[in-house]
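Since the structure comes first, as structure tokens, the remarks are kept for the end.
Note that the structure is predicted; figures quoted are calculated from it, not measured.
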Amino acid sequence: MSRAAQGLRAWLLQRFSAVYLALYVVIMPVLMLTRDVSGYAAWRGWFGQPGTGVASALFALALLLHAWVGMRDVLIDYVHRVWLRLSLLSLIALLLLGSLMLVLRALLLAAVASGS
Amino acid sequence: MKFSIYRFDPDKDSKAYMQDYELDDARLNPGMMLLDALLLLKTQDESLSFRRSCQEGVCGSDAMNINGRNGLACITRLSELKQPVAIRPLPGMPVIRDLVVDLEQFYRQYRNATPYLINEDPVPEVERLQSPQQREQLDGLYECILCACCSTACPSFWWNPDKFLGPAALLQSWRFLADSRDQATEQRLSNLEGPFRLFRCHTIMNCVEVCPKGLNPTHAIGRIKELMVKRSL
């Protein structure tokens, strides 16, 4: 990321991901109420559908970006030793990327299971 | 009336401390300002140090932390203050002595905002004219007296005073970005890029809360971001 993009782009990313996160956490529970998702099979079936799957994958990605900018902000504010900040940033990046992979894996498995 | 005032004399004290003062109620009038009381206290203890000048909220010299809130002593009514009145120097700034702080960092950030008109056109014979609507854009911006109440109430400025411009300087940044006569918009905006100079602002709004002139730096910062978005997308 170029130096010129560090401020504005991060800030915009946080705003737009926030909008998507807000929409998702409102719409998903409402949709959940309109159908029967009790039980593991029904739940997995629902998340295996393309619409739900893609929306949820986007949610995980938006959450990752949002959390990344937020955590970066916290560390820039409070952690002033460069090497410590760098280590913590790397740790957070690994955790966030790992979590994203797990979510995507679960969604893919659900998609495969519902397709078979 | 009871006061508790922050004292520190670098020649004598190894640590700052709070000193209690009492002012005879007979010496107080209704409508008296905190600065009047401080001046009376100084006649009791002339070692007590603070800055003041105009005494009417125009020069911005006597900014201090009054009962936990930044403000100008000269326009803060004694009758509105809970006792004992705790008076401390502006938070986060190096203390020179008692209530006098070193504002070097604050002024450096002010300079970073290039707080002057940049216009490369030949100087006209008359003034550079503005329409009333263009002039209106500067209302709520030019009134800043640089008392430092806002910037020293801003947590982002406490954590990164050397990198974050702070609300006062950013208000001035917008004051010149919003000026129809200024031609350095691009230069000003690129000067504010990066994660620090502008974007340490997390809309905490302490600046708006404490500004003794009722100005709104958070709004100005929002306008800068808006202009950046318009210019870069």
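If you measure heavy-atom distances from A:Leu12 to chain B, the contacts under 4.5 Å come from the side chain alone. For B:Ser190, no part lies under 4.5 angstrom from a heavy atom of chain A.
Of the listed residues (B:Lys225, B:His202, B:Arg197, B:Met228), the one with the most heavy-atom contacts under 4.5 Å to chain A is B:Lys225.
A salt bridge links B:Glu226 and B:Lys230; the closest N-O separation between the charged side-chain nitrogens and carboxylate oxygens is under 4.0 Å. Ion pair B:Arg97/B:Asp11 not flagged as a salt bridge, since none of the NZ, NE, NH1 or NH2 atoms sits closer than 4.0 Å to an Asp/Glu carboxylate oxygen.
Judged by distance alone, the side chains of B:Arg188 and B:Thr114 do bring a donor and an acceptor atom under 3.5 Å apart.
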Practice item. Kindly indicate, with the supporting measurements, whether the criterion ring-ring contact (aromatic ring centres under 6.0 Å, His included) is fulfilled by B:Phe164 and B:Phe196. Key: CA-CA 5 Å; B:Phe164 175 52; B:Phe196 285 105; 9.4 Å; no
